[in-house]
Amino acid sequence: MEPKFSKNKTSKVIMLGSTSVGKTSIIDRFIWNKFTEIREATIGCFNMKNVNFGSACIQLQLWDTAGQERFASLAPMYYRRADYAFIVFDLTNRESFERVQYYHHEIYANISPKNEPIHPVKIGIIGNKNDLISERKIQFEEAKNLADEINCPYFETSAKTGENIKEAFIEAAKAILLLC
Ligand code: GDP
Ligand code: MG
């Protein structure tokens, strides 16, 4: 049977979450395999990365914010027709964890242009900075419970050490493949 997707399916993947949780660092780790302690305010942009499964190739178009989440809500076009959304929080920052529900709601409020059918989207929750063991404020069970409640997979990552970063994006690519 022919696969339902074209060989070079491009998908839109958006990074959501409070400022400083590590959205840009997660993308840098995944795309360039690098990490920088001190970073300037993000330049909003998107990066491409291909993930291959046998004969299928999913091109991930990774959208990053320009830091506007610090001052204002993100523009609807940032969310619009995203195929996958990562909601990132910082395991050492409870406020960022409490923002997860807000972003979950915003996705559904903005994903489809008005008067158009609902665009299907998959969501994953990321607890980042799991290398900061002694500063940790949110335990695995608490985060996993929230993710289960909203029916999303949960990943604990470190952009610093690279732990689970590739795995999270591969799971995203798989989920997108199932949407095709
Ligand atoms: P953004 O505002 O969500 O894009 O966050 P950034 O990627 O700019 O990261 C904010 C700060 O957290 C920077 O100083 C990063 O070096 C740091 N950071 C990001 N990810 C990690 C991580 O996994 N572990 C540690 N220890 N620091 C991190
Ligand atoms: Mg950033």
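For clarity, every value in this text was computed on a predicted model and none was experimentally measured. For this chain, numbers begin at 1 and follow the sequence in order. Whatever order the structure lists them in is the order used to number ligands and atoms, beginning at 1.
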### Message
Restricting to N/O/S atoms, is Thr24 within less than 2.8 Å of the Mg ion (ligand 2) or not?
### Response
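Checking the Mg ion (ligand 2) against Thr24, an N, O or S atom does fall under 2.8 Å.
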### Message
Please report whether ligand 1 has a polar contact with Gly22, defined as an N or O pair separated by less than 3.5 Å (distance criterion only).
### Response
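Min N/O separation from ligand 1 is below 3.5 Å for Gly22.
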### Message
With nothing but distance in play, are any N or O atoms of Leu132 less than 3.5 Å from an N or O of ligand 1?
### Response
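No: no nitrogen or oxygen of Leu132 is under 3.5 Å from one in ligand 1.
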### Query
Nearest non-hydrogen atom to atom 3 (O) of ligand 1 belongs to which of Lys23, Arg29, Met15?
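The residue whose heavy atom sits nearest atom 3 (O) of ligand 1 is Lys23.
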For [X], the ligand 1 atoms whose distance to one of its heavy atoms is below 4.0 Å:
| X | value |
| --- | --- |
| Lys160 | 22 (C), 23 (O), 24 (N), 26 (N) |
| Thr24 | 4 (O), 7 (O) |
| Asp131 | 22 (C), 23 (O), 24 (N), 25 (C), 26 (N) |
| Ser158 | 23 (O) |

### Query
Are the side chain of Asp28 and the backbone of Phe35 linked by a donor-acceptor contact shorter than 3.5 Å?
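Answer holds: no.
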### Query
Okay, side chain of Ser112, backbone of His119: is any donor-acceptor separation there less than 3.5 Å?
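Yes: the side chain of Ser112 pairs with the backbone of His119.
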### Message
Looking only at side-chain N and O atoms, does Thr24 offer a donor or acceptor that is under 3.5 Å from a partner on Asp64?
### Response
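The answer is yes; a qualifying pair exists.
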### Message
Please work out, at 4.0 Å between heavy atoms, whether the side chain, the backbone, both, or neither of Thr157 comes within that distance of ligand 1.
### Response
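The answer is neither; Thr157 stays 4.0 Å or more away.
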### Query
How would you list, by chain and number, every residue that makes a side chain to side chain contact (heavy atoms under 4.5 Å, CB included) with Glu95, sequence neighbours excluded?
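Side chain to side chain contact (heavy atoms under 4.5 Å, CB included) list for Glu95, sorted by chain: Asn93.
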### Query
Taking the six-membered ring of Phe97, is NZ or CZ of Lys137 closer than 6.0 Å to its centre and within 45° of its axis?
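Because its charged atom misses either the 6.0 Å distance or the 45° angle limit, Lys137 does not stack over Phe97.
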### Task
Using the side chain to side chain donor-acceptor pair (under 3.5 Å) rule, collect all pairs that involve residues 149-158, keeping only residues at least two apart or in two chains.
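Residue pairs with at least one partner in residues 149-158: Asn128-Thr157, Asp131-Ser158, Arg136-Glu156, Tyr154-Glu156, Ser158-Thr161.
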### Task
Carefully, step by step, assess Glu69 and Lys23 under the rule salt bridge (charged side-chain N to carboxylate O under 4.0 Å, His left out).
CA-CA 11 Å; Glu69 71 278 15; Lys23 301 179 295 297; 2.7 Å; yes
### Query
For ligand 1, is Ser20 a contact, meaning one of its heavy atoms is under 4.0 Å away?
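Judged by the 4.0 Å heavy-atom criterion, Ser20 does count as contacting ligand 1.
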